[in-house]
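Heads up, the thing below is written out as structure tokens.
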Amino acid sequence: MTSGTASGTAALQERRYRILVTGYAISSYGTFLNVVALSLYVYAVTDRALAVGVFMAVRLAAGFVAGLAAAAVLARWAAKGVMFWANVAQAAALLLLVLAPDGFRTGTLFAVSAVVGASGTLFMVTLRSSIPDMVGEGRHTWANSLMVSGRSMAMVAGFASSGVVVSLLGYTAAFLVDMATFLVCALTVLLLPMPMGPARGNERGNEETDSQGKAVEDVEDVEDGQGSQEEEGADGPGLRPDGRRRVPAALVALGAVPVLGLMVALRGIDALGSSSHNAALPVYSTELDADNPAVFVSVFWCVWALGNVLVQQVLQRYTKRTGRSVGALGFGLGTIAMSGTFILAFAGLPWAATVLVALLAGAADGLTEVSYTSHLQTLPSPLRTHAFGLSATVENLGFGVGMIVVAAALDVFTPLSVVGVAHGAAIVLALVYVARVLQGRGEAQVEESQEVEEAQEGEEAQETVPGSEARDGKQGDQGEGESGAGPARGGHRDGAEVSGG
């Protein structure tokens, strides 16, 4: 009966999550349609290319700030409420743009840019950090694969249809379509069996005292600097009772978890690499065919999306069969493969080879996205949001800085050299990261072997003491319950799985 109830609950969770992903995919279509339509509209209204750059800068800056503020927002509001209002805010901003009088359209455009950038980042941070609560333990990889698949298909559809929608229906119709997609996503959020109101304090309190209690305690020890000798004060987030300033939780997460800081840094450099190929693709495509520059870009992104979707199917089957995820090592190797294939895409290869490269680039991109997200989701709940918020901030910073630097570099250097340098930097850092992960695994295996040897020596020593068997019989259960720090708790850990997490 209990097994049947658990199975029914899991099926219900999966069904509602699928509905949410459908809504997210629809809103992602609106987002990518939005990127093209709004950029064209900014140029049409202002007649200045600089305004388009400033518009994108405002959007990225708003996302940067939202990433920093995400943890504070989620500390006061339930995840369901944040996701719902993030979509409503984007829909309201687009409606405001449609209704704005002619004299106020320029100012309204930049307000819309800020709202869309901040709300989109808040939604993504909340969604990624809440997935473990939505789908249950052991389903992270499946859930992330489904999410990435939906977004990849939506990206291609959004980019492919944007020109048609704007040309045939006009800007107003495009903005109304965008608005409708965000409202659809907001409705799917309402179906989630999660609280909607403010304050998640009780929720977090329960989490911290249950299965993740040891993990949170461990991280607090790092933050405190003196372990259990000092207790954390309740005087507010900035100061402790002794007047010393507390370390931000996002930085605590990076310090407490092996290689996580390097992982987030690599994600930022990867975002810089992404800015290089996004900016260079139109230039390279025009060089290939000045009469039809959109052909190469369209084909490349369609094949890229196909590779992304295909690798999600492979990952889902791998996880279902083995019960394992690709982990931190998969993220590093995937980043190397992805950066390498994006460099090859600009090498002037024959069409057939370029199509294969685009397919592999999409597959590697999908692998890194799922492995990275799944890995951060193994953090305890109180730190998960801080980590995803910091990650979003670093990614926005990397992409924003990259767009500025790359745009200037493309006026002087070839697309291949610009993309080669940007993605080459990602490959170098990824190699350092992979070496660090492998080193950590080797150290963990050595430590585990030493623990086993010490346990065996202890058993041999007890056998030589008269009456030790009797004492073992009386105290065996107690010792077993208290010692949960042996190999049973370990296995090798790539980094984000902290004690008890």
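Only this structure's heavy atoms are used, side chains among them; waters, hydrogens and symmetry mates stay out.
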Task: Validation row: L127, M134 side chains within 4.5 angstrom (heavy atoms) - done: yes
Task: Donor-acceptor contact below 3.5 Å, side chain N396 vs main chain A392 - done: yes
Open item on the list: Could you go through R16 and T188, starting from their C-alpha distance and side-chain angles, then the distance that decides it, and tell me whether this counts as side chain to side chain contact (heavy atoms under 4.5 Å, CB included)?
Closed with: CA-CA 8 Å; R16 286 178 171 170; T188 61; over 6 Å; no
TODO: Under the side chain to side chain contact (heavy atoms under 4.5 Å, CB included) rule, what do H277 and Y284 come out as? Steps first, then yes or no, please.
DONE: CA-CA 10 Å; H277 65 249; Y284 183 67; over 6 Å; no
Open item on the list: Can a donor-acceptor pair be found, under 3.5 Å and without considering hydrogens, that links the side chain of S285 to the backbone of L281?
Closed with: no
Open item on the list: Within the structure provided, determine whether D365 and W304 are in side-chain contact (heavy-atom separation under 4.5 Å).
Closed with: yes
Expected list for residues 350-364: side-chain donor-acceptor pairs under 3.5 angstrom, two or more places apart:
from	atom 1	to	atom 2	distance (Å)
T354	OG1	L349	O	3.2
T354	OG1	P350	O	3.0

Task: Check: L38 and S113 side chains under 4.5 Å, non-hydrogen atoms - done: no
- [ ] Please step through side chain to side chain contact (heavy atoms under 4.5 Å, CB included) for the pair C302 and L306, ending with a clear verdict.
- [x] CA-CA 6 Å; C302 286; L306 177 61; over 6 Å; no
TODO: Would you confirm whether S276, through its side chain, and G273, through its main-chain N or O, come within 3.5 Å as a donor-acceptor pair?
DONE: yes
TODO: Begin with the C-alpha distance, continue with both residues' side-chain angles, and end with the deciding distance and a verdict on side chain to side chain contact (heavy atoms under 4.5 Å, CB included) for N278 and F399.
DONE: CA-CA 10 Å; N278 275 281; F399 194 83; 4.0 Å; yes
- [ ] Considering non-hydrogen atoms only, spot the tightest contact between N144 and Y17 and give its length.
- [x] N-OH, 4.3 Å
Task: Atom of A70, atom of L122 and distance for their closest heavy-atom approach - done: CA-CD2, 3.8 Å
Task: Under 3.5 Å donor-acceptor, S129 side chain and T126 backbone - done: yes
Open item on the list: Quick check against the 3.5 Å criterion: does T341 have a side-chain atom that pairs as donor or acceptor with the backbone of M338?
Closed with: yes
Open item on the list: Looking at every non-hydrogen atom in both residues, tell me the closest pair between N34 and D178 and how far apart they are.
Closed with: CA-OD2, 3.4 Å
Open item on the list: Using only atom types and a distance under 3.5 Å, with no angle test, would you say the side chain of S27 pairs donor to acceptor with the backbone of Y24?
Closed with: yes
Open item on the list: Both conditions, 6.0 Å and 45 degrees, for the charged tip of R267 above the ring of Y372: are they met here?
Closed with: yes
TODO: Taking all heavy atoms of T181 and all of G30, pick out the closest pair and write down the distance.
DONE: OG1-CA, 3.4 Å
Open item on the list: When you measure from the side chain of R76 to the backbone of A72, do you find a donor-acceptor pair of N or O atoms at a distance under 3.5 Å?
Closed with: yes
Task: T108 (side chain) donor-acceptor with F104 (main chain) under 3.5 angstrom - done: yes
- [ ] Provide the closest heavy-atom pair for F388 versus T373 in the form atom of the first, atom of the second, distance.
- [x] CZ-O, 3.7 Å
Task: Backbone of H375 reached by a side-chain donor or acceptor of T378 within 3.5 Å - done: yes
Open item on the list: Quick check: do F331 and L266 have side-chain heavy atoms less than 4.5 Å from each other?
Closed with: yes
TODO: Would you please classify the geometry between the F342 ring and the F300 ring as parallel, tilted or perpendicular, with 30° and 60° separating the classes?
DONE: tilted
Result block: side-chain N/O donor-acceptor pairs under 3.5 angstrom for residues 401-408, not counting sequence neighbours:
none

Task: Check: L315 main-chain N/O paired with S145 side-chain donor or acceptor under 3.5 Å - done: no
TODO: Please tell me if the side chains of M179 and Q90 come closer than 4.5 Å, counting only heavy atoms from C-beta onward.
DONE: no
Open item on the list: Using every non-hydrogen atom in the two residues, find where V148 and Q312 come nearest and quote the distance to one decimal.
Closed with: CG1-NE2, 3.6 Å
